[in-house]
Amino acid sequence: MAYRLSTPTLLRAVKHLCKYGDTDVFPHLPELAFLREQETSVIKELGNLDLDTYNPGSAVEALGPKSRYGFRIVHQLPIIDTILLLAAVVEIGGLIEKHRMPPNGIETFSYRFSPEAKGGIFRADRTYKDWLKAQLAFVQGNLKIKYIVATDISDFYARVNFHRLENLLDEVAPSHGAARYIKKHIRVIRAKQSFGLPVGGSGARLLAELALSDTDRAIQNDGRLVTRFVDDFRIFLRANENPYDALAFLAEHLGINEGLSLNVAKTVVYTRVQYVAWMKKLVTDVSKEAEGKALDVLATDLYFDDEPDPDELEELKSMNLLGFLQEEVGKQAFDMGRIKVIFRALKIAKPAEAIGYLATNFAELVVFAKEMALLMQVLESKSSGCFDYLSDTVIETILASPASSVPLIRTWLLELFVRGTVPISALGVKRLARLIHRS
């Protein structure tokens, strides 16, 4: 038996990767530049591969920050395996989408597969920002809703049951070569473990949605008003409904059927008034509403990353973005999503004072190494050499905690040298050689 991916499927996967990158956690693979230049020949070559006999390699696994004191394991695949896994998922993307709840409501909002997506594989109107706005409109338009429960799944990607996912793939695409390859690939990535999806790539996102499709259906059959974005749930309760009952139903289903559990620390019950106020704040900003309109435009999912128009850019430049960042970083619990939005706003506005701010607070901001490195690259391209004096600081930060303990932070700090944002001398390279001996 032989299975080969079709040219249109490989083309869609390649175009998605060239536009959005192979991962949203690691620096993008350098081979993506070759992929852009040699798209036709790469697709032709990969189209000849028999995926039933091809054996994918293992993924790079690294510890990355998730919150102030929280961590997660993230993954990066070799470029060929990245293309093949995404293309295999795209090949059965329509079947996965058909298995999910219909996309015309707000119930299962995230990562809706779309063959019509321009340069990508997901619908552009189902971003996290769109989800927030949809919730606000839903609650404001339904006066019977009195309480809202916000909760999520603990370590969702790391805890997805592989055998459950295998069964779902068999149900969605029985005997399909793409499904066979997906199962084989995940087995290799997760080695001898029986749970977990690779974190950071596009293909895994659609598989994660498939993994929760039975949960979505159970919620609907129980008659509950619930909306979900990946592993974030919002349960809308009427006056006669008890938050405890709703949470118990969801926790029981996830525990018995999926081997998953709810995150107690992130479970909150809001009154209608409290929730509407919270949603309004999230879709505006950490500051007053007038300023928030500019950041609102930026609060989109990483896959739908459009630039603001000139008026929005001017409004953005007038905001105290560094003040917003300082306020968020100073909180006991990081709002990682909000901090990423502010960093992106800074990357677009490029305020000159950000150069000194980053240099002064470099060690304190290191947990946001990716966002800081990308911002520094943009600032350096505008003011060449502005970070030349930071070479020793970067090296010392790489060799010290937390970078010394968290590989993903080290990777992004080293990327500052790779991209030429910060220069490095031969002596600096020798100092970093300690990393090799330590590994």
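Here Gln220 pairs with nothing under the side chain to side chain donor-acceptor pair (under 3.5 Å) rule; sequence neighbours left out. In this structure, the side-chain contact (heavy atoms from CB on, under 4.5 Å) partners of Glu97, at least two apart in sequence or on a different chain, are Arg100, Pro103, Arg112, Phe113. By the side-chain contact (heavy atoms from CB on, under 4.5 Å) test, Val230 is found to be paired with Ser110, Tyr111, Phe156, Tyr157, Glu209, residues two or more places apart in sequence or in another chain being considered. Every residue two or more places apart in sequence or in another chain was checked for a ring pair (Phe, Tyr, Trp, His ring centres under 6.0 Å) with His75, and none qualifies. Not a single ring pair (Phe, Tyr, Trp, His ring centres under 6.0 Å) links Phe362 to another residue, sequence neighbours left out. Taking the side-chain contact (heavy atoms from CB on, under 4.5 Å) definition, one finds that Thr267 meets it with Val149, Thr151, Leu247, sequence neighbours left out. Annotation: side chain to side chain donor-acceptor pair (under 3.5 Å) contacts of Arg238 (sequence neighbours excluded): Glu241. The side-chain contact (heavy atoms from CB on, under 4.5 Å) search around Val25 returns Thr23, Arg72, Val74, Leu408, not counting sequence neighbours.
When atom types are taken as modelled, the side chain of Thr227 and the backbone of Ile106 share a donor-acceptor pair closer than 3.5 angstrom. Between the Asp155 side chain and the Ala158 main chain, no donor and acceptor come within less than 3.5 Å of each other. Using a distance-only test at 3.5 Å, with no hydrogens or angles considered, no donor-acceptor pair links the side chain of Lys129 to the main chain of Arg126. The backbone N or O of Ile145 lies less than 3.5 Å from a partner atom in the side chain of Arg272, making a donor-acceptor pair. Looking at Arg410, its side chain does come within 3.5 Å of a backbone N or O of Ser404 through a donor-acceptor pair. Without hydrogens or angle criteria, Arg12 side chain to Ile121 main chain gives no donor-acceptor distance under 3.5 Å.
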Are Tyr357 and Leu325 close enough, and set up right, to give a side chain to side chain contact (heavy atoms under 4.5 Å, CB included), and what steps lead you there?
CA-CA 11 Å; Tyr357 177 84; Leu325 180 60; 3.8 Å; yes

Test side chain to side chain contact (heavy atoms under 4.5 Å, CB included) on Leu413 and Val366 and set out the steps.
CA-CA 8 Å; Leu413 294 181; Val366 71; 3.6 Å; yes

Start with the C-alpha distance between Leu77 and Asp22, add both sets of side-chain angles, then the distance that settles side chain to side chain contact (heavy atoms under 4.5 Å, CB included), and finish with yes or no.
CA-CA 8 Å; Leu77 311 180; Asp22 63 304; over 6 Å; no

Can Arg217 and His99 be said to form a side chain to side chain contact (heavy atoms under 4.5 Å, CB included), step by step?
CA-CA 10 Å; Arg217 197 161 285 107; His99 186 79; 4.0 Å; yes

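Interatomic distance, CG of Leu136 versus CG of Leu132, reported as 9.0 Å (0.5 Å rounding). Atom CG of Leu250 sits about 4.5 Å away from atom CG of Leu262, to the nearest 0.5 Å. Annotation: the span from Met372 atom CE to Lys370 atom NZ amounts to 14.0 Å, rounded to 0.5 Å. Once rounded to the nearest 0.5 Å, the distance linking NZ of Lys15 with CG of Leu35 reads 10.0 Å. Rounding to the nearest 0.5 Å gives a distance of 7.5 Å between CD1 of Ile148 and OG1 of Thr271. Here the CD1 atom belonging to Ile96 is positioned 5.0 Å from the CG atom belonging to Leu210, to the nearest 0.5 angstrom.
Closest non-hydrogen pair, His185 versus Asp81, comes out as CE1-O, 3.3 Å. Listed here is the closest heavy atom pair of Phe71 and Leu63: CB-CD1, 3.4 Å. In terms of heavy atoms, Ala173 sits closest to Ala179 at O-CB, 3.9 Å. Between Arg180 and Ser175, the closest heavy-atom pair is NH1-O, 3.1 Å. The shortest heavy-atom contact between Pro56 and Val188 is O-CG1, 3.5 Å. Contact detail for Leu10 and Ile43: the closest heavy-atom pair is CD1-O, 3.7 Å.
With salt bridges taken as basic N to acidic carboxylate O contacts below 4.0 Å, one links Asp24 and Arg205. Look at Lys266 and Asp232 and you find no salt bridge, because none of the NZ, NE, NH1 or NH2 atoms lies under 4.0 Å from a carboxylate O. Using a cutoff of 4.0 Å between basic side-chain nitrogens and carboxylate oxygens, Lys133 and Asp125 are not scored as salt-bridged. For the pair Arg159 and Glu258, the salt-bridge criterion is not met [side-chain N within less than 4.0 Å of a carboxylate O].
Applying side-chain hydrogen bond (donor to acceptor under 3.5 Å, both in side chains) to Arg228 and the options Thr108, Asp216, Thr215, Asp152 leaves one that passes, Asp216.
When side chains are defined from C-beta on, Thr397 does not count as touching Ile409, because their heavy atoms never get closer than 4.5 Å. Using a 4.5 Å heavy-atom threshold, the side chains of Leu225 and Ile235 count as separate. Side chains of Arg234 and Trp131 form a contact here, defined as non-hydrogen atoms less than 4.5 Å apart. Using a 4.5 Å cut-off on side-chain heavy atoms (C-beta onward), Phe334 and Val367 make contact. Counting heavy atoms from C-beta on, the side chains of Leu169 and Leu207 come closer than 4.5 Å. Side-chain contact check for Ser213 versus Leu168: some heavy-atom pair is nearer than 4.5 Å. When side chains are defined from C-beta on, Leu212 counts as touching Leu260, because their heavy atoms get closer than 4.5 Å.
Listed by first and then second residue, the ring pair (Phe, Tyr, Trp, His ring centres under 6.0 Å) pairs involving residues 25-57 amount to none (not counting sequence neighbours). The ring pair (Phe, Tyr, Trp, His ring centres under 6.0 Å) pairs that include a residue from residues 233-256 are Phe138-Phe236, where partners are two or more places apart or lie in different chains. Note on residues 412-421: pairs passing side chain to side chain donor-acceptor pair (under 3.5 Å), not counting sequence neighbours, are Gln377-Arg419, Glu415-Arg419.
Checked by atom type, the side-chain pair Asp130/Thr127 shows a donor-acceptor distance below 3.5 Å.
Ring-plane geometry between His16 and Tyr20 is classed as tilted, the angle between the planes lying from 30 to 60 degrees on a 0 to 90 degree scale.
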Side-chain donor-acceptor distances from residues 44-51 under 3.5 Å, at least two apart:
unit_1, atom_1, unit_2, atom_2, d
Asn48, ND2, Lys44, O, 3.3
Asp50, OD1, Tyr3, N, 3.0
Asp50, OD1, Asp52, N, 3.0
Asp50, OD2, Thr53, OG1, 3.4

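Dense packing is recorded around NZ of Lys184, with more than 12 heavy atoms of other residues, nucleotides or ligands lying under 6.0 Å away. The neighbour count for Glu252 CD, taken as heavy atoms of other residues, nucleotides or ligands under 6.0 Å away, does not exceed 12. No more than 12 heavy-atom neighbours from other residues, nucleotides or ligands sit within 6.0 angstrom of CD1 on Ile80.
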